[in-house]
There are 2 protein chains.
Amino acid sequence: MQELAVTYSIGEVAEKFGLSIPTIRYYDKEGLIPNLQKNTAGVRRFSEDNIGTLKLIECLKNAGMPIKDIKQFIQWTLLGDETLDERYQMFQELRISVQKQMKQMQETLDTVNFKCAYYQKATEDGTEKFVKDEMHLE
Amino acid sequence: MQELAVTYSIGEVAEKFGLSIPTIRYYDKEGLIPNLQKNTAGVRRFSEDNIGTLKLIECLKNAGMPIKDIKQFIQWTLLGDETLDERYQMFQELRISVQKQMKQMQETLDTVNFKCAYYQKATEDGTEKFVKDEMHLE
DNA sequence: CCTTTACCTAAAGTTAGGTTGAGGTGATTA
DNA sequence: TAATCACCTCAACCTAACTTTAGGTAAAGG
C-alpha cells in the first residue's frame with residue numbers, strides 16, 4: 001500500500017496565504033511550524049498538518065497575538081496533554097480580548113460612518129461651514 | 001466679558017486617554033495636534049479642541065491607520081475646504097477597510113470560539129485524543 | 001529656603017515583525 | 001552545456017511607534 005503524502009513548496013504556501021517567502025522562513029526559524037520536513041537537498045516541504053498550523057498562526061495573528069505568544073502556544077501543543085489547561089486558558093483569554101476588539105472596532109466604524117456622512121455633506125456644500133454647525137451642535 | 005477657556009495639562013490628558021506622556025509629546029512633535037498652545041513657561045495646555053483631535057487620532061489608530069497617514073489627514077484639515085475631497089475619500093476607504101477588518105475579526109472569533117469548545121472538552125477528558133476525532137473528522 | 005512635583009527638550013535606545021543581500025545548491029529548460 | 005528557476009543559509013538591515021535618558025525650569029508645600 002502506497003503512502004502518497006501531498007506536500008507543498010514554500011512558494012506555493014506563500015501564494016496560498018498571501019505571505020512572503022522570507023516571512024514563512026522567519027516563522028519556521030522562530031519554531032512556529034513544528035515537524036516541517038526538508039527533502040535531501042534541504043528544501044522545505046509543507047504537509048497538510050503544517051498548512052493547518054499556518055492557518056492557526058494566521059488566526060492568532062489576526063487576534064492580535066504577538067509571535068512570541070504564538071510560539072509559546074506551539075510549544076505547549078508539543079508537550080501534549082500536560083498543557084491542556086494552559087491552552088484552554090489561553091483561548092478563553094483570547095476570546096475576551098477579541099470580543100473587546102470587536103466592540104472597539106464597531107465604535108470606530110460608527111465614528112468613521114459619521115465622518116463619511118459629514119464629509120459627503122461638506123463636499124456637496126463645497127465647504128465645511130454648514131455641516132459643522134448642523135452636526136456638531138446636536 | 002471674560003473668556004474662561006478650560007484647558008488640561010499633559011498629565012491630565014494622558015490619564016484621560018490612557019496614553020503615556022511621552023506618547024502625547026511624540027504626537028505633538030509629529031504635528032498631529034495642531035494649535036496646541038504652550039504657556040509662558042513652555043508648558044502645553046490642551047483645549048477642548050485639542051482633546052477632540054486626540055479623540056479622532058485614537059479612532060484612526062484603532063482603524064489601523066499609520067501615524068504618517070493621520071498626519072496627512074491633519075495637514076488636510078489645516079488647508080481647509082480645498083481638501084474636502086481628499087478627506088471624504090480617505091474616510092470612504094477607511095470605512096471599507098474597517099468593515100473588512102470587522103469581518104475578519106468575526107471569523108477569528110468563530111475560530112477562537114471553536115478552539116474554546118475544543119479545549120473545554122479536552123480538559124474535561126484530560127486528553128485531546130477523543131475530542132480530536134470527534135471535532136476534526138466532520 | 002529647600003525640596004518635591006510636574007512639566008520641558010533633544011537625542012539615543014528599544015521592540016516587533018519582518019526584509020534584504022550575499023553567496024550557494026540542485027533540477028529543468030534552450 | 002549553459003542558464004534560468006526555485007529554493008537554501010546567515011547576517012545585516014529596516015520601519016513604526018514609542019520609550020528612555022540626561023539635563024533643566026517653574027511653582028507649590030513643609
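Since this is a predicted model, take the numbers as computed values, not measurements. Hydrogens, waters and symmetry mates are skipped; everything else that's a heavy atom, side chains included, is used. In what follows, chains carry the letters A, B, and so on, assigned in the order in which the sequence lines appear, proteins first and then strands, with residues in each chain numbered from 1.
At whole-Å resolution of the value, CG in Asn62(A) and P in dG17(C) are 13 Å apart. If you measure from atom CD1 of Ile21(B) to atom C1' of dC8(C), you get 11 Å, rounded to the nearest angstrom. Whole-Å rounding puts the Ile24(A) CD1 to dC8(D) P distance at 10 Å. Between the P atom of dA6(D) and the CZ atom of Arg25(A) lies a distance of 13 Å, rounded to the nearest Å. In this structure, the CD atom of Glu15(A) is 11 Å from the P atom of dC7(D), given to the nearest Å. The CD-P distance, from Gln37(B) to dC8(C), rounds to 14 Å in whole Å. A straight line from CD1 of Ile70(A) to C1' of dG18(C) spans 13 Å, rounded to a whole angstrom. The CG-P distance, from Asp28(B) to dC7(C), rounds to 14 Å in whole Å.
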(request) For side chain to side chain contact (heavy atoms under 4.5 Å, CB included), just list the numbers for Tyr88(A) and Lys115(B), CA-CA rounded to whole Å, side-chain angles, deciding distance to a tenth of an Å, and then say yes or no. (result) CA-CA 8 Å; Tyr88(A) 183 30; Lys115(B) 287 288 179 179; over 6 Å; no

(message) Between Glu128(A) and Tyr118(A), is the side-chain hydrogen bond (donor to acceptor under 3.5 Å, both in side chains) condition met? List the steps.
(response) CA-CA 9 Å; Glu128(A) 262 180 293; Tyr118(A) 178 99; 2.8 Å; yes

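At a threshold of 4.5 Å between side-chain heavy atoms, the hydrophobic network of Ile, Leu, Val, Met, Phe, Trp and Tyr places Ile51(A) and Val43(A) in two separate groups. Both Leu32(A) and Ile21(A) are members of a single hydrophobic cluster when ILVMFWY side chains are connected at heavy-atom separations under 4.5 Å.
Taking only side-chain nitrogens and oxygens, Lys71(A) never comes nearer than 4.0 Å to OP1 or OP2 of dG17(C).
For Phe91(B) and Phe73(B), the gap between ring centers is short of 6.0 Å.
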Distances for protein N or O near nucleotides 26-28 of chain C N or O, under 3.5 Å:
none

Tabulate atom names and distances for all N/O pairs under 3.5 angstrom spanning the protein and nucleotides 15-19 of chain D.
unit_1	atom_1	unit_2	atom_2	d
dA17(D)	OP1	Ile67(B)	N	3.4
dA17(D)	OP2	Ile67(B)	N	3.1
dC18(D)	OP2	Tyr27(B)	OH	2.9
dT19(D)	OP2	Ser20(B)	OG	2.6
dT19(D)	OP2	Thr23(B)	OG1	2.5

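The pair Lys129(B)-Asp133(B) does not meet the salt-bridge criterion, since no charged nitrogen lies less than 4.0 angstrom from a carboxylate oxygen. With salt bridges taken as basic N to acidic carboxylate O contacts below 4.0 Å, none links Glu58(A) and Lys55(A).
Using modelled atom types, one finds no donor on one side chain facing an acceptor on the other under 3.5 Å when comparing Asn50(B) with Thr53(B).
In this structure the side chain of Leu19(B) reaches within 4.5 angstrom of the side chain of Tyr27(B), judged on heavy atoms. Residues Lys132(B) and Thr127(B) have side chains not in contact (no heavy-atom distance under 4.5 Å, counting atoms from C-beta outward).
In the region residues 42-54 of chain A, proximity to DNA chain C at under 4.0 angstrom, judged on heavy atoms, holds for none of the residues.
Within the cation-pi definition used here (under 6.0 Å to the ring centroid, within 45° of the axis), Lys121(A) does not qualify as a partner of Phe130(A).
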